[in-house]
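Report on the structure given below.
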Amino acid sequence: MSDENETSVFDVLKRISDNEWEVPVGFKPGMNVPGRIFVSESLLNMLEMETLGQVANVATLPGIQKYSMAMPDAHLGYGFSIGGVAAFDKETGIISPGGVGFDINCGVRLIRSNLSEQDVRPKLSELLDDLFKAIPTGVGSKSRLRVTDAELEDIFVHGVQWAVENGYGVEADIAHCESKGQMPGADPSKVSAKARKRGRPQIGTLGSGNHFLEVQYIDKIYDEEAAAAMGLKEGQVTFMVHCGSRGAGHQICTDHLQILTSASKKYNISLPDRQLACAPAQSQEAQDYFKAMVCAANYAWVNRHVIMHWAREIFESHFANDFCDLGLDLVYDVAHNIAKLEEHKIDGKNTEVYVHRKGATRAFPPGHPDLPEDYLDLGQPVLIPGSMGTPSYVLCSTKDSMEISFGSACHGAGRVMSRKHAKKELRGEDIRDELSSRGIQVRATQPSLIAEEAPAVYKSSSEVVDVVHDLGIARKVARLLPMGVIKG
DNA sequence: ATGTGC
């Protein structure tokens, strides 16, 4: 039932440009800066008022810089919206677990190959069966890789370096992970016994929800030069891994939320929403969370690395021979849920800020010192997974990204229908058949999970990507179409 | 997202 007098987002927002909308400081009491929503007019119709309220709430937090931002795929999240980007001054700002999310370093990686769609199509069904067998999926799934407590600590601290030293992936993979897959500043002593217990058996597991491993092919190249630099061309097969830090990251978030909830009171931070629990960036409580968050981030990079390794083995078992190098190189790996201490130019001055990206991708421009050498002139690759059955995109960051959005882009399609609603409205078997008729094969533990992730429950990934492209944050390089997907 | 819900 909709009330005619209900305020719409159009009544609140002030249009700045085609794809930029401002939430004025007066919208909610206590806003320190305006909100800034990067969205097209048509996507704005799908933006919920509550999401806008969350953007405004974040603007009230101490030390926030420039704007409380939301990407075109923004939707309601825990405290901060998913698709939210907020930078807080290193000295006067705060750190908040809600600005990162429960799935710390949920992220995406893309692996290229020398195989063509025609090579893979005839063997696709067997390939997917074997991938589904090799890579555990589902909520409570456990891995065949068992690590000791000491190894887990090593993973928390050294991330992907641990993986490569232990035979998962190769040295060349490291440079193609954001932060080299080993963010500095980890302190395992800030990770509870419970989080370790949950994390130990889950290295190399996909999890559930929107997490997946997808076999794809490139159906369109937008930028030949950039595509070539990443080793991508039309008709080529790729695979994409989307997952995070599983139970470990979830427990770390839960543990520290509790600490930061009381810290918010201790430091007299008035919160419009208790889910925004936070503490001054340099406080013991905030730093402890940050050190534990880094452990979860490094864990997630190892998780994706091990999954990639097993997937490479399966591809090799099906396609490798003495005359063919499969070229299963890691194109790039990006984090979607993370907070980082970065330097940004604010009012002409270089400033250190804790950038919180929750359901948002880092997008550093050409020439940025944190980029791998071979992408330095190109700009950071940005990987945007589509929802099940819809295209994914590869973009590369452009020079204005730092100025526009603290070097950040969107992260995906963005949910429009709740899981509960989707389960009620849609049948997994129908969705599977519909996808199958379009040549897309799905392997999942339960049909209901397919319903929850159906294409209809997400915004169009193409529209979301176009906003980021048109704004000059990251430009389109390639479009990837799904062939088959394994899910929890 | 999650050994799934004050």
Side-chain angles (χ1 to χ4, degrees), chain A residues 51 54 73-84 96-109 136-143 146 152 191-213 241-258 261 273-275 277 289 292-293 295-297 299-301 303-304 307 334-339 356-361 385 387-388 411-424 428 444-446 448-453 457-458 486-488:
Chain A
T51 307
Q54 290 193 319
D73 47 340
H75 57 106
L76 211 63
Y78 181 91
F80 292 59
S81 74
I82 294 160
S96 175
V100 173
F102 277 86
D103 192 2
I104 297 165
N105 191 5
C106 178
V108 177
R109 65 173 51 193
T137 64
V139 181
S141 60
K142 294 195 173 176
S143 177
R146 289 306 156 103
L152 185 66
V191 178
S192 70
K194 204 171 173 184
R196 292 159 192 253
K197 192 183 172 202
R198 288 179 69 176
R200 256 183 64 175
Q202 293 188 320
I203 301 272
T205 64
L206 205 49
S208 186
N210 62 1
H211 291 166
F212 63 74
L213 186 153
V241 178
H242 180 197
C243 64
S245 50
R246 310 283 286 108
H250 190 274
Q251 191 63 47
I252 285 169
C253 181
T254 305
D255 293 339
H256 286 267
L257 263 175
Q258 198 179 352
T261 297
D273 175 355
R274 55 181 298 170
Q275 294 184 349
Y289 162 69
M293 183 215 73
C295 292
Y299 178 102
W301 272 306
N303 191 27
R304 292 195 285 276
I307 290 171
V334 290
H336 283 162
N337 285 4
I338 204 160
H356 293 56
R357 297 188 181 91
K358 180 187 189 177
T361 309
S387 52
M388 192 173 55
H411 89 305
R415 188 169 270 282
V416 288
M417 194 192 289
S418 72
R419 294 186 180 281
K420 202 172 147 185
H421 194 75
K423 261 202 270 199
K424 211 170 128 184
T445 45
Q446 286 170 52
S448 67
L449 295 164
I450 302 180
E452 289 179 38
E453 295 298 319
V457 312
Y458 285 95
I486 70 168
K487 298 190 65 70

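We use all heavy atoms of the structure for the numbers below, so side chains are in, but hydrogens, waters and symmetry mates are not. Lettering follows sequence order; numbering is per chain, from 1. If you're wondering where the values come from, they're calculated on a predicted model, not measured in any experiment.
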Polar side-chain atom of A:Lys358 near backbone of A:Phe80 as donor-acceptor pair, under 3.5 Å: yes
Whole-Å distance, A:Tyr78 OH to B:dC6 C1', equals 13 Å
Between CG of A:Asn105 and C1' of B:dT2 the distance, given in whole Å, is 16 Å
Check your understanding: Tell me, do A:Pro201 and A:Arg146 make a side-chain contact under 4.5 Å, heavy atoms counted?
Key -> yes
Whole-Å distance, A:Lys194 NZ to B:dT2 P, equals 16 Å
note: A:Arg246, atom CZ; B:dT2, atom C1'; distance rounded to Å ~ 8 Å
Check your understanding: Do A:Gln54 and A:Leu76 have side chains that get closer than 4.5 Å, going by heavy atoms?
Key -> yes
Separation of B:dT2 atom C1' from A:Lys142 atom NZ, nearest Å, is 14 Å
Less than 4.5 Å apart, any side-chain heavy atom of A:Ser141 and any of A:Leu206? no
A:Gln258 atom CD is separated from B:dT2 atom P, nearest whole Å, by 21 Å
Rounded to whole Å, CZ of A:Arg419 lies from C1' of B:dT2 at a distance of 11 Å
Separation of B:dT4 atom P from A:Glu452 atom CD, nearest Å, is 15 Å
